Peer 1: 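Below is one structure. I have some questions about it.
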Protein chains: 2
Amino acid sequence: MFELLFQKFDEKIELSQGEKLLSKSFFIPKKIRKKQYLLQEGDVSKYTAFVEKGFLRCYTIDDKGTEHILQFAFEGWWIADQYSFLTNTPSRYNIDALEDCELLLLTKESEEQMLEKIPKLERYFRLLLQNSLIATIRRLESSLSDTAEEKYNRLLTNCPTIAERVPQHMIASAMGITPETLSRIRKQISLRK
Amino acid sequence: MFELLFQKFDEKIELSQGEKLLSKSFFIPKKIRKKQYLLQEGDVSKYTAFVEKGFLRCYTIDDKGTEHILQFAFEGWWIADQYSFLTNTPSRYNIDALEDCELLLLTKESEEQMLEKIPKLERYFRLLLQNSLIATIRRLESSLSDTAEEKYNRLLTNCPTIAERVPQHMIASAMGITPETLSRIRKQISLRK
DNA sequence: CGGAATGATTGACATATGTCAATGCCATTT
DNA sequence: AAATGGCATTGACATATGTCAATCATTCCG
C-alpha cells in the first residue's frame, strides 16, 4: 500500500529503510468507494491525502447548483483543502472519489510529528509545495491568456490519460467552460485534421 | 531597511534579537529605479526578493508583443520566478519595477545557509509557500468561474490600493481582459450607483 | 510654450462562449 | 426486449468580450 508513496519520496530525497518504516506509522490507510466523500463543504479538513490508487476531484457548488471542479488528483498526487487544513475553518470545497481509491491520510498532528522524527521529509514537503505553486501559477497563466482550445491542448499534454478517465463535462468544468463549448472545440480540432 | 521584513517575521514566528541580526547578513539590500528590470526573460533567476518599498510586476510578452501581467508585488510581499530559481533554467518571465524600489535579495545558497542557521525560518517560509498556494488557487478559481466584473471587485477587495497605484490597463492585463473591457465594466458599475 | 507620449474612453463591429432545448447514443437495470 | 439514466452532440439564439479606430485628457519633456 505504500509502494507509490515511497517511490515519490525516492524521487526527491533519500530515506533509509528504517525511516521509511517509521514514516508508515504516521499515515492512516483508507479505502473509499467511488462517489464517497473525503471532504464535504462545511466540514473542517482533518487530512492531507496521498492517492495510492484511483482518483478524486475537488470542487465547489455555486448558487445555481453548478459544480466547478478545481482539480483532479490521480495516483501519486496529494490532495487537500490546504486552507481549511491550515486554519481549522470549515471548507468551501467538496472532495470525492471518481473511482474506488486507496488513500494514505495524514493529520496535522501526525504530519508535524513525522517531520520532527524524520527531518529529511521537510525537504520533500517543501518541494511538493513549491511544485504545486508553480503548477498552479501555470494554470492561472493559461486561464488568463489562452483560448479555450489552447487550454484544452495544454491539459491533454499535461495529463494525457485524463480524456479516457474523466467524463468530458468534468473536463469542461475544470477548464471553466461549458460542456457544449468543449464539444464544439473538439469537433473543430477533429475537422482540421 | 529591514523593518518591514522583521515585522513580517513577527507575524508568523518568534525570533530573538540575535537571530534577526544574524538573518540580516544573508540578504543583499538593493535599490532599483522605476522601469529597471529585476529579472529578464531568458535570464536564470538568481534571487528571491522581498519588497521593502515600492512595487514590481511579473509578466510575459506574447508573440504579438502583448504584455500579460501575472502578478504585482507590493511592500511586504515576496517576488521571484520560483521555477527558474528552483531549477536553474532560463526564466519565461520579466520582473520590473513600477516605482523606485528597495529590495532584500536572497540567493539560493544564502537561503539554504540561513535556514540551516535559523531553523525557525523554515516555518516562516513554509507558511509563505502555503499562503501563496492558497491565494493562487483562489485566483485560479475566480478566473475559471467568475465574470470579469466579479473578478474586478474581488481584486479591489483583496488589494484596495491597487487602483490608485497601477494604471488601469495593467489591472486589465492582470485580470486577463482588454483595457477597453475593463473601462466598460467600470462604467457599468458607476452607472448602477 | 507646444508637441509627443501615455492612458482612458467610446463606437461599430467581429468573435467566442454561454444558454436552452432537442436528439441520439450507450450502458445498465428491470 | 424495453426502459432508464448519464453523457455527448447539435442548432438557434443571447451575451460577453475582443478588435480596431478615433477622440480626449493628462503628463512629460525639449
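All of these numbers come straight from a predicted model, not from anything done at the bench. Here is how names work: the chains are called A, B, and so on, in the same order as the sequence lines, proteins then strands, and each is numbered from 1.
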Peer 1: Expressed as a whole number of angstroms, how long is the span from Q188(B):CD to dT9(C):P?
Peer 2: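 Atom-to-atom, Q188(B) to dT9(C), this comes out as 13 Å.
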Peer 1: Please determine, for the side chain of A148(B), which listed nucleotide (dT17(D), dT17(C), dC7(D)) has the closest atom?
Peer 2: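 Nearest nucleotide to the side chain: dT17(D).
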Peer 1: Within this structure, what is the CG-to-C1' distance between D146(B) and dA16(D), rounded to whole angstrom?
Peer 2: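 So the CG-C1' distance, D146(B) to dA16(D), works out to 14 Å.
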Peer 1: Over how many whole Å does the gap from L182(B) atom CG to dG18(D) atom P extend?
Peer 2: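 Result: 10 Å.
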Peer 1: Determine whether a donor-acceptor pair (N or O, by modelled atom type, separation under 3.5 Å) exists between the side chain of D43(A) and the backbone of L39(A).
Peer 2: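 No.
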Peer 1: In terms of the nearest nucleotide of DNA chain C, which residue is placed more toward the 5' end: K187(B) or K35(B)?
Peer 2: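 Closest to the 5' end, via its nearest nucleotide, is K35(B).
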Peer 1: Would you kindly give the CG-to-P distance between L191(B) and dT10(C), to the nearest whole Å?
Peer 2: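 Checked: the CG to P distance equals 9 Å.
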Peer 1: Rounding to an integer number of Å, can you tell me how far D62(B) CG sits from dT19(D) P?
Peer 2: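 For the pair D62(B) CG and dT19(D) P, the rounded distance is 10 Å.
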Peer 1: Side chain of P167(B), heavy atoms from C-beta onward: which of dG7(C), dT17(D), dT19(D) has the nearest atom to it?
Peer 2: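 Taking heavy atoms from C-beta onward, the closest nucleotide is dG7(C).
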Peer 1: Is the F27(B) ring parallel, tilted or perpendicular to the W78(B) ring (thresholds 30°, 60°)?
Peer 2: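 Taking W78(B) first and then F27(B), their aromatic rings sit tilted (interplane angle of 30° to 60°).
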Peer 1: Starting at CD1 of I171(B) and ending at C1' of dG7(C), how long is that distance when rounded to a whole Å?
Peer 2: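 Atom-to-atom, I171(B) to dG7(C), this comes out as 12 Å.
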Peer 1: Picking from dG7(C), dT19(C), dC20(D), which would you name as closest to the side chain of E180(B)?
Peer 2: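 Taking heavy atoms from C-beta onward, the closest nucleotide is dC20(D).
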Peer 1: Please indicate whether R165(A) has more than 12 foreign heavy atoms, meaning atoms of other residues, nucleotides or ligands, lying under 6.0 Å from its CZ.
Peer 2: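 Counting other residues, nucleotides and ligands, CZ of R165(A) exceeds 12 neighbours.
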Peer 1: Respond yes when some side-chain nitrogen or oxygen of Q168(A) is under 4.0 Å from OP1 or OP2 of dG6(D), and no when none is.
Peer 2: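 For Q168(A), the contact criterion (side-chain N or O under 4.0 Å from OP1 or OP2 of dG6(D)) is not met.
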Peer 1: Tell me which nucleotide among dT17(C), dA8(C), dA8(D) gets nearest to the side chain of I177(A).
Peer 2: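 In terms of side-chain proximity for I177(A), the closest of dT17(C), dA8(C), dA8(D) is dT17(C).
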Peer 1: Is the terminal nitrogen or CZ of R138(A) (NZ for Lys, CZ for Arg) located under 6.0 angstrom from the six-membered ring centre of Y83(B) and within 45° of that ring's axis?
Peer 2: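 Positive - R138(A) is close enough to the ring of Y83(B) and near enough to its axis.
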Peer 1: Let me know the distance between NE2 of H169(B) and P of dT17(D), rounded to the nearest Å.
Peer 2: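 Going from H169(B) (NE2) to dT17(D) (P), I get 20 Å.
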Peer 1: Among R57(B), K34(B), Q40(B), which residue meets the side chain to side chain donor-acceptor pair (under 3.5 Å) test with D96(B)?
Peer 2: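 Of the listed options, the one satisfying the test is R57(B).
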Peer 1: Report yes if at least one side-chain N or O of T178(A) is closer than 4.0 Å to OP1 or OP2 of dT17(C); otherwise report no.
Peer 2: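 No, no such contact exists.
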Peer 1: At less than 4.0 Å, is any side-chain N or O atom of S183(A) found next to OP1 or OP2 of dT9(D)? Yes or no.
Peer 2: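 So the side-chain polar atoms of S183(A) do come within 4.0 Å of the phosphate oxygens OP1 or OP2 of dT9(D), strictly under.
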Peer 1: What is the distance, rounded to the nearest whole Å, between atom CD of E149(A) and atom C1' of dT15(C)?
Peer 2: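 Distance check: E149(A) CD to dT15(C) C1' gives 14 Å.
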Peer 1: Want to settle it: does R184(B) or M170(B) sit nearer the 5' end of DNA chain C, counting the closest nucleotide to each?
Peer 2: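 Here M170(B) is the residue nearer the 5' end.
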